[in-house]
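Have a look at the structure below before the remarks.
Heavy-atom basis, side chains included; hydrogens, waters and symmetry copies ignored.
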Amino acid sequence: MSQTPENKKGQVETTGHVWDGDLREYNNPLPRWWLWAFYGTIIFAVVYWILYPSWPYADTYTKGLETVSFTVQDKDGKTSTVTEHWNSRALFNKDMESSPSALAQKEWLAKVKDMSFAQIAANPDTLNFATSMGHALFGDSCAACHGSGGQGVLSQNPDGSYPNLTDNNWIHGDSYEKIVSDITNGIHGSMPAFGALYKGDKLTDLAEYVLSLSHQPGVNEEAANRGKSSFATCAGCHGANGMGNQMIGAPNLTDAVWDFVDVPGAKNIDAKVKLVEGVIDHGLQHQMPKFGERLSPEQIRLLAVYVRQLGGS
């Protein structure tokens, strides 16, 4: 490697390094605008790191100095200002509390707060608001189990079945007050297992009698007559006539509606008997979580209006 003579005027500047006699290292400086842009990105990054969430460390991250403030209203109607570190969740919360649509929603909620259910249903505007908001609340809180349209899920496995809310068959009652109570406090329903009490032909006879109450075609009348005496165990909840008891959530066994086991979908009477035998043998447990801690009283009332309308009431 050797040094080159001084660069001639008009030639590109070189570093003075030459290899193999004619291989020169040129010195082309970056454009000044590019350098300033590059320095600007560095300054921007440092400012961003200071103001906004950025660097992870341990099991958390730097929160930044920028904050988001918005006003919230609790279940008792009291307002307070909440300040959170800037992030997408905080911006979402602010939008949910302070956007024009959120403020309009609060105005309508305040309007229906002291209205009776009859008044809400009688006014087309409030009914439309209740239906619209109730539909949104249903999608968030209820559709995962009952389906997006409230049609429920009916399976041969009772643990995978959820009641249909569109058939006007109310297991626990259809009054607004009862629906509000169920949504607020949840439902814990159960039928004890009778497998230790009824076995073999005795279990089959009882299942045949239960099916006869809803006039299922193909029922063995002799077996049903034998099983009638065993139904006394069931009558304590379902009633002597099998018409159920909404006070304790005991379904009506005399109609064609099955909420917890897919008897209508069974291919023949023998399959139906097996399904009913399984329920009698193992019992039933059905639970709905309480939403009183997730939804405000006003939201629950609107959801109750929507749910009751699903059943055509």
Side-chain angles (χ1 to χ4, degrees), residues 146 150-175 177-179 181-182 187-288 307-308 310-313:
H146 294 285
Q151 71 277 5
V153 177
L154 191 57
S155 168
Q156 293 190 357
N157 177 11
D159 293 335
S161 295
Y162 302 93
N164 183 353
L165 303 178
T166 67
D167 58 10
N168 206 24
N169 179 65
W170 299 89
I171 301 173
H172 298 274
D174 65 343
S175 70
E177 292 73 19
K178 179 58 178 168
I179 298 173
S181 176
D182 290 342
I187 296 174
H188 300 275
S190 65
M191 179 185 123
F194 293 102
L197 187 60
Y198 299 109
K199 297 181 180 297
D201 292 341
K202 201 169 184 179
L203 176 61
T204 301
D205 291 346
L206 178 54
E208 293 274 7
Y209 178 73
V210 169
L211 290 170
S212 73
L213 291 173
S214 57
H215 307 289
Q216 296 290 326
V219 169
N220 185 321
E221 296 296 338
E222 292 183 4
N225 289 333
R226 292 194 300 267
K228 184 175 181 178
S229 60
S230 299
F231 190 76
T233 307
C234 315
C237 294
H238 294 281
N241 53 9
M243 296 187 68
N245 184 346
Q246 291 184 341
M247 294 295 294
I248 58 175
N252 183 354
L253 302 178
T254 66
D255 56 23
V257 179
W258 297 82
D259 288 298
F260 298 106
V261 64
D262 190 14
V263 169
K267 59 183 179 181
N268 53 46
I269 188 62
D270 291 334
K272 294 180 180 182
V273 170
K274 289 297 182 184
L275 289 176
V276 177
E277 285 181 349
V279 174
I280 298 171
D281 188 14
H282 303 293
L284 277 175
Q285 299 288 331
H286 68 278
Q287 296 185 359
M288 185 182 89
V307 169
R308 194 167 187 268
L310 284 177
S313 297

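The shortest side-chain heavy-atom distance between Leu203 and Ile280 falls under the 4.5 Å cut-off. At a threshold of 4.5 Å between non-hydrogen side-chain atoms, the residues Lys272 and Ile269 count as touching. When side chains are defined from C-beta on, Pro264 counts as touching Asp262, because their heavy atoms get closer than 4.5 Å.
Nearest heavy-atom pair across Ile179 and Asp174 is CD1-O, 3.8 Å. The shortest heavy-atom contact between Phe260 and Leu154 is N-CD1, 4.0 Å. Across all their heavy atoms, Arg308 and Trp170 have their closest contact at CA-CH2, 3.8 Å. Contact detail for Asn164 and Gly150: the closest heavy-atom pair is OD1-O, 3.2 Å. In plain terms, the two heavy atoms of Gly227 and Tyr209 that are nearest each other are C-CB, 4.0 Å. The two atoms that bring Ala224 and Val219 nearest to each other are CB-CG1, 4.1 Å, heavy atoms only.
When the shell of 6.0 Å around CD of Glu222 is examined, it contains 12 or fewer heavy atoms from other residues, nucleotides or ligands.
To the nearest 0.5 Å, atom CG of residue Asn241 and atom CG of residue Leu213 are 8.5 Å apart. The CG atom of Asp270 sits 11.0 Å away from atom CG of Leu275, with the distance rounded to the nearest 0.5 Å. Note that CG of Asn245 is 12.5 Å distant from CD1 of Ile171, once rounded to the nearest 0.5 Å. Taking OG of Ser190 as the reference point, atom CG of Leu284 lies at 9.0 Å (rounded to 0.5 Å). Expressed to the nearest 0.5 Å, how far OG1 of Thr166 lies from CD of Gln151 amounts to 7.0 Å. Atom CG of Leu206 and atom CG of Leu211 lie 9.5 Å apart (nearest 0.5 Å).
Sorted by first and then second residue, the side-chain hydrogen bond (donor to acceptor under 3.5 Å, both in side chains) pairs with a member in residues 227-238 read Tyr198-Thr233; sequence neighbours excluded.
When atom types are taken as modelled, the side chain of Glu208 and the backbone of Asn220 share a donor-acceptor pair closer than 3.5 angstrom. Side-chain atoms of Ser161 come within 3.5 Å of backbone atoms of Ser155 as a donor-acceptor pair (strictly under, hydrogens ignored). Under the 3.5 Å distance criterion, the side-chain polar atoms of Lys199 are matched with a main-chain donor or acceptor of Gly195.
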* Working for side chain to side chain contact (heavy atoms under 4.5 Å, CB included), residues Trp258 and Val276 -> CA-CA 11 Å; Trp258 297 82; Val276 177; 4.3 Å; yes
* Please lay out, stage by stage, how Asp205 and Lys202 fare under the test side chain to side chain contact (heavy atoms under 4.5 Å, CB included). => CA-CA 5 Å; Asp205 291 346; Lys202 201 169 184 179; 5.6 Å; no
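The existence of a salt bridge linking Asp182 and Lys178 is confirmed by a sub-4.0 Å separation between a basic side-chain nitrogen and an acidic carboxylate oxygen.
A side-chain donor-acceptor contact under 3.5 Å links Glu277 and Thr204.
The aromatic rings of His286 and His172 sit tilted relative to each other, their planes meeting at an angle between 30° and 60°.
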